2 protein chains.
Amino acid sequence: MTEPTDDQLAKLGAAFETFARRYKLAESAGPERPLNELDKQTLLFVANHPGCGPTDVARFLGVATTTVSSATDRLAKRGLLARDRVEGDRRAVALRLTGDGETLVAELTAAYRAMYRMMLSRLSPTERDAFVGMITKIVYHED
Amino acid sequence: MTEPTDDQLAKLGAAFETFARRYKLAESAGPERPLNELDKQTLLFVANHPGCGPTDVARFLGVATTTVSSATDRLAKRGLLARDRVEGDRRAVALRLTGDGETLVAELTAAYRAMYRMMLSRLSPTERDAFVGMITKIVYHED
DNA sequence: GGAGATATGACGAAGATCGTACTATTCAAT
DNA sequence: ATTGAATAGTACGATCTTCGTCATATCTCC
């Protein structure tokens, strides 16, 4: 298989850099004090894995368990996350979103969706499928 | 223009999330204590804009000037960055990489390039041009 | 000259991450 | 049954980062 050209690599790098810089500050609507990135990712993971424990979150996000403990503290103090005792194992806690947490996750998800929609809207309908297919291939292809 | 489909948005979102998580921890080679993200971005910007000032860096990266001041302090202490007085304006400083800084930037750039190369290598040569073209269109198209 | 703008840094407050240590509980193997 | 190791979670403190406020020096423009 031929190698990617230098020109391709340079253009891809430039696009990624600009992308990362531009879509960093892209949110403001919501609570008075915005959530930091770890807290948002924690909320999103719990939304997709209700009943999971802090250790699951830590493993998934690649951070220390104590860091997740701090995050769940913050989120619980804000009333976005609930820590239930689980009956099968009295050491464990089951993480779960509160109503406010669900609302916030819905807003977050909507914001991401809007960003993705804007990105894809710059491509033609034919290109969209091609782009999504290629980025999927890049991300999920295992070597 | 038709809208992106929900399926397209969902797949794009899943790919982005996985991408961001996977390519976060992708570096370790180099100095004993790794640079944080701001310091790396500062170095890269200075490499591309020799003689620029801290204010330029702050504006480009979207952070407070005092934050850049801290970053240049750290980088100067490590011998990666030099702060020269400039003759035209005696308030200003001109940022410039040292030899070690150049070396580190070269390593960083090579690491990024390797990552981009691996990504593009998962596409066919024909797809590569299409992908780079589309992501460029997404990033640089102004609404 | 002098008012206001600009470039930069010093300093301290607030927050985030993480290593260490600790408690409580479960598991495993005798 | 007992006990030693493993596991789930957290409290605490150290360290680092970011940023707001303030101070200083310099420049610009009248």
Side-chain angles (χ1 to χ4, degrees), chain A residues 20-21 24-25 27-28 30-46 49-78 80-96, chain B residues 20-21 24-25 27-28 30-46 49-78 80-96:
Chain A
R21 214 167 36 251
K24 188 174 54 172
L25 316 165
E27 24 181 335
S28 58
E32 50 290 327
R33 251 174 64 72
L35 294 167
N36 71 33
E37 193 58 30
L38 174 67
D39 293 5
K40 274 187 285 192
Q41 293 303 320
T42 300
L43 271 191
L44 290 170
F45 181 81
V46 172
H49 303 79
C52 70
T55 305
D56 302 317
V57 180
R59 196 163 30 225
F60 183 74
L61 297 179
V63 296
T65 59
T66 54
T67 305
V68 173
S69 193
S70 302
T72 54
D73 257 2
R74 289 190 290 268
L75 294 169
K77 280 205 184 78
R78 292 200 190 197
L80 302 171
L81 197 71
R83 282 176 286 195
D84 303 328
R85 281 287 158 193
V86 67
E87 40 200 306
D89 185 339
R90 299 212 321 232
R91 297 168 300 181
V93 299
L95 300 177
R96 170 178 62 79
Chain B
R21 213 167 39 250
K24 187 174 53 170
L25 317 165
E27 23 182 336
S28 58
E32 51 290 327
R33 251 174 65 72
L35 294 167
N36 70 33
E37 192 58 31
L38 174 67
D39 293 3
K40 275 187 288 193
Q41 293 302 319
T42 300
L43 271 190
L44 290 170
F45 182 81
V46 172
H49 303 82
C52 70
T55 306
D56 302 317
V57 180
R59 195 162 32 225
F60 182 75
L61 298 179
V63 296
T65 59
T66 54
T67 304
V68 173
S69 191
S70 303
T72 55
D73 258 1
R74 288 189 291 268
L75 294 169
K77 279 204 185 80
R78 292 199 190 198
L80 301 170
L81 198 71
R83 281 174 288 196
D84 303 328
R85 282 289 158 193
V86 68
E87 40 201 305
D89 185 339
R90 300 213 320 234
R91 299 168 299 179
V93 298
L95 301 176
R96 170 178 63 78

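The figures here come from the full heavy-atom set of this structure, side chains too, leaving out hydrogens, waters and symmetry mates. Bear in mind the structure is a predicted one, so any value in this text is a computation, not a measurement. Each chain gets a letter, A, B and so on, in the order the sequences are listed, and its residues count up from 1.
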Round to the nearest Å and state the distance from Gln41(A) atom CD to dT17(C) atom P.
12 Å
Contact between Thr72(B) and Val93(B) at the side-chain level, heavy atoms closer than 4.5 Å - yes or no?
no
Could you give the NZ-to-C1' distance, from Lys77(B) to dT15(D), as a whole number of Å?
14 Å
Interatomic distance, CZ@Arg74(B) vs CG@Leu38(B), rounded to 0.5 Å, equals 6.0 Å
Contacts under 3.5 Å, N or O only, protein and nucleotides 2-7 of chain C:
residue : atom : partner  : partner atom : Å
dT6(C)  : O2   : Arg91(B) : NH1          : 2.5

Please determine if a side-chain N or O atom of Arg74(B) lies less than 4.0 Å away from the OP1 or OP2 oxygen of dT18(D).
yes
Between CG of Leu44(B) and NE2 of His49(B), what distance do you get to the nearest 0.5 Å?
11.5 Å
Given atom CZ of Arg90(B) and atom P of dG9(C), what is their separation to the nearest angstrom?
16 Å
Cut-off 3.5 Å, no hydrogens considered: what does the side-chain donor-acceptor table look like for residues 56-68 of chain A, sequence neighbours left out?
residue  : atom : partner  : partner atom : Å
Asp56(A) : OD1  : Arg59(A) : NH2          : 3.1
Asp56(A) : OD2  : Gly53(A) : N            : 2.9

Could you tell me the separation between the CD atom of Glu37(B) and the P atom of dT17(C), rounded to a whole number of Å?
15 Å
For Arg83(B), answer base if it contacts any base atom (sugar-phosphate contacts may also be present), sugar-phosphate if it contacts only those atoms, and nothing otherwise; contact means non-hydrogen atoms under 4.0 Å.
sugar-phosphate
Please report the distance, rounded to the nearest Å, between CG in Leu81(A) and P in dT10(D).
10 Å
Checking dA10(C), dT17(C), dC19(D) against the side chain of Asn36(A) (C-beta onward), the nearest is dT17(C)
Within this structure, what is the CG-to-C1' distance between Asp84(A) and dG9(D), rounded to whole angstrom?
15 Å
Quick one: on DNA chain C, does Glu87(A) or Leu38(A) contact a more 5' nucleotide (nearest heavy atom)?
Leu38(A)
note: Asp73(A), atom CG; dC18(C), atom P; distance rounded to Å ~ 16 Å
Using atom names, set out every protein N or O paired with an N or O of nucleotides 20-22 of chain D below 3.5 Å, distance rounded to 0.1 Å.
residue : atom : partner  : partner atom : Å
dG20(D) : N7   : Thr66(B) : OG1          : 3.4

Going from CZ on Arg83(B) to CG on Leu75(B), what distance comes out if it is rounded to the nearest 0.5 angstrom?
9.0 Å
Starting at atom CZ of Arg85(B), determine the distance to atom C1' of dT8(C), rounded to an integer number of angstrom.
7 Å
Here the gap from Asp39(A) atom CG to Arg78(A) atom CZ, rounded to the nearest 0.5 Å, amounts to 7.0 Å
Arg85(B) to Arg90(B) - nearest heavy-atom pair and separation
NH1-O, 3.1 Å
Gap between atom CG of Leu95(B) and atom OG1 of Thr42(B) - 0.5 Å precision
9.0 Å
